[in-house]
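One structure is given here, and the rest of the page talks about it.
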Protein chains: 2
Amino acid sequence: MNEGRSSLIVAVDVVLFAVQDKQLYTLLVERGRPPFQGMWAFPGGMVEPEEPLSAAACRELREETGIQSVPYLAQLGAFGDPQRDPRGRVISVVYWGVIPTRCPVRGADDAASAQWWPVNALPELAFDHRTILECARRRLRREVQQDLRLLFHLLTPPFVLRELQEVFEVIIGRPTDKRNFRRFVLQQQWLEEVGIREPQGPGRPARQYRPRPEALLPSPGDRCV
Amino acid sequence: MNEGRSSLIVAVDVVLFAVQDKQLYTLLVERGRPPFQGMWAFPGGMVEPEEPLSAAACRELREETGIQSVPYLAQLGAFGDPQRDPRGRVISVVYWGVIPTRCPVRGADDAASAQWWPVNALPELAFDHRTILECARRRLRREVQQDLRLLFHLLTPPFVLRELQEVFEVIIGRPTDKRNFRRFVLQQQWLEEVGIREPQGPGRPARQYRPRPEALLPSPGDRCV
DNA sequence: GGAATAGTGTCTCTTAGACACTATGTA
DNA sequence: TACATAGTGTCTAAGAGACACTATTCC
């Protein structure tokens with residue numbers, strides 16, 4: 001092992017997803033200075049010397065968007081192309097996560113402003129963030145297909161089954177049969193019924209559910225999965 | 001984004017797996033100097049300023065073990081616990097890979113010696129490498145279960161189906177039915193028959209196979225999957 | 001009563017897994 | 001011919017997916 005010191009810069013970035021109105025959104029901040037001034041990027045920044053990587057991710061997210069906590073956050077990987085940042089060599093450790101609905105965000109800190117964008121109509125992204133987005137989106141899709149419980153972190157309980165299914169369909173990108181979906185979810189015993197939703201117009205009111213606490217996928221955070 | 005500079009040290013480590021004699025092996029180098037002198041660690045070292053991460057992984061592997069190329073290498077993730085290296089803050093980007101059989105290795109460079117170890121009888125590992133190993137092992141198991149073609153990188157063709165199955169069983173850790181395994185592999189049309197193995201003792205000689213080129217999983221290397 | 005949404009059951013096809021005997025070579 | 005290894009087919013159970021109608025509420 002080479003024990004010499006070579007100092008590269010380590011950053012973290014956070015790709016956060018939310019679903020609303022049958023669209024997948026991701027959270028971006030507008031860059032207030034060069035390089036890529038005026039373009040948009042994922043919230044992120046440098047890692048402090050004594051700070052765990054996931055803590056840095058949460059901190060940058062908080063500082064740049066005001067979001068205080070994320071129910072599910074996992075590491076996506078390290079992006080280290082030598083050319084990815086024109087200022088020099090920056091390794092970015094990227095985290096991805098989900099959050100229920102587009103929660104309010106504010107611009108702050110050195111980010112000019114933070115905003116939710118539909119992933120199908122994004123502005124031009126800085127650095128290699130387009131690549132990172134595609135990677136994170138694949139990962140989100142895969143994880144949801146492998147374990148539907150991730151959906152529970154994308155909704156605020158109580159919710160109704162149609163809402164759950166809509167979120168699912170937005171993420172995997174194709175429609176699903178209602179009966180098959182409901183049968184599958186209900187027979188896992190992940191949900192408990194919690195009354196009937198107040199009627200909100202024509203149509204039969206739907207049952208509301210809440211995920212059982214033991215059905216909530218724990219956030220890996222820094223843990224390796 | 002915080003544009004200030006904080007310089008952390010970025011290293012790469014490589015967890016390489018091979019199977020032989022119905023055992024899973026991993027490649028370690030003995031540490032020739034503190035910290036953890038005399039203990040064993042995965043080959044690895046510092047990333048050069050202009051070097052892609054996967055290139056650094058390959059270079060360190062070559063320098064410390066003499067291995068020139070690895071048929072399948074993918075990123076496992078970044079390990080960045082502030083306490084993981086007593087010398088200071090080191091972020092390690094870990095790669096994992098597989099290679100057919102235990103190829104010869106040499107100690108070299110500043111690694112005292114390189115050696116294949118059975119994962120079920122490892123020496124004490126330096127740093128957080130025990131954690132990393134468990135993570136890599138889970139990943140190997142998952143990938144093999146999801147796509148059997150990864151096995152083709154763990155054998156030197158031509159091979160016979162029993163050998164393929166043995167490698168599979170070692171990795172997933174339990175026996176499998178011979179007929180089911182053969183049926184599955186053959187009906188994927190991944191293999192082409194390439195003659196009969198010379199008899200090597202009692203018993204009927206087995207057919208030899210070679211994976212079709214298009215059935216070889218491409219090594220992700222630096223690409224995000 | 002008409003419109004809108006919620007809720008329900010069956011059948012089929014595919015896949016995964018359990019399971020035992022025959023074939024062909026060596027000594 | 002005894003022994004060792006290679007090679008083969010069927011049945012069952014579970015899961016995934018296609019598919020259409022009834023129930024309840026509002027206006």
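Per chain, numbering begins at 1; letters A, B, ... match sequence-line order.
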Listed nucleotide nearest any side-chain atom of B/Asn180, set C/dA6, C/dG17, D/dC26: C/dG17
Length of the line joining B/Gln145:CD and C/dT15:P, which is rounded to integer Å: 18 Å
Contact nearer the 5' end of DNA chain D, comparing A/Gln187 with A/Gly203: A/Gln187
B/Arg183 vs D/dG9: side-chain N/O to OP1/OP2 distance below 4.0 Å: no
Among D/dA6, D/dA16, D/dC26, the one nearest A/Phe184 by side-chain distance: D/dA16
Side-chain heavy-atom pair A/Tyr95, A/Leu73 within 4.5 angstrom cut-off: yes
Whole angstrom value for the distance that separates P of C/dT5 from CZ of A/Arg197: 13 Å
Residue from B/Val47, B/Ile91, B/Val94, B/Leu61 passing side-chain contact (heavy atoms from CB on, under 4.5 Å) with B/Val12: B/Val47
Nearest-angstrom distance from the residue atom CD of A/Gln200 to P of D/dC27: 12 Å
Sugar-phosphate only, base, or nothing, as touched by A/Arg207 at under 4.0 Å among non-hydrogen atoms: sugar-phosphate
Trace of the ring-ring contact (aromatic ring centres under 6.0 Å, His included) decision for B/Phe181 with B/Phe168: CA-CA 10 Å; B/Phe181 181 81; B/Phe168 179 69; 5.5 Å; yes
Contacting residues from residues 155-176 of chain A, given that a heavy atom lies under 4.0 angstrom of DNA chain C: A/Arg162
Check: residues 191-199 of chain B side-chain donor-acceptor pairs under 3.5 Å, at least two apart:
unit_1: B/Glu192; atom_1: OE1; unit_2: B/Arg212; atom_2: NH1; d: 3.4
unit_1: B/Arg197; atom_1: NH1; unit_2: B/Glu163; atom_2: OE2; d: 2.9
unit_1: B/Arg197; atom_1: NH2; unit_2: B/Glu163; atom_2: OE1; d: 3.4
unit_1: B/Arg197; atom_1: NH2; unit_2: B/Glu163; atom_2: OE2; d: 3.4

Separation of C/dA6 P from A/Arg204 CZ (nearest whole Å): 10 Å
Mutual orientation of the aromatic rings belonging to A/Phe159 and A/Phe152 [parallel < 30°, tilted 30-60°, perpendicular > 60°]: parallel
Minimum-distance nucleotide to A/Pro202 side chain [options: C/dG7, D/dC26, C/dG25]: D/dC26
Rounded distance in Å - CZ (B/Arg182) to C1' (D/dT10): 17 Å
Residue whose closest nucleotide on DNA chain C lies nearer the 5' end, A/Pro205 versus A/Asp177: A/Pro205
Expected list for residues 182-189 of chain B: side-chain donor-acceptor pairs under 3.5 angstrom, two or more places apart:
unit_1: B/Arg183; atom_1: NH2; unit_2: B/Asn180; atom_2: OD1; d: 2.6

Heavy-atom check, side chain of A/Leu76 versus side chain of A/Cys135, under 4.5 Å: yes
A/Arg179 side chain near C/dG9 phosphate (N/O to OP1/OP2, under 4.0 Å): no
Between D/dT8 (C1') and B/Leu186 (CG): distance, integer Å: 11 Å
Rounded interatomic separation in angstrom, taking OH from B/Tyr209 and P from D/dA6: 12 Å
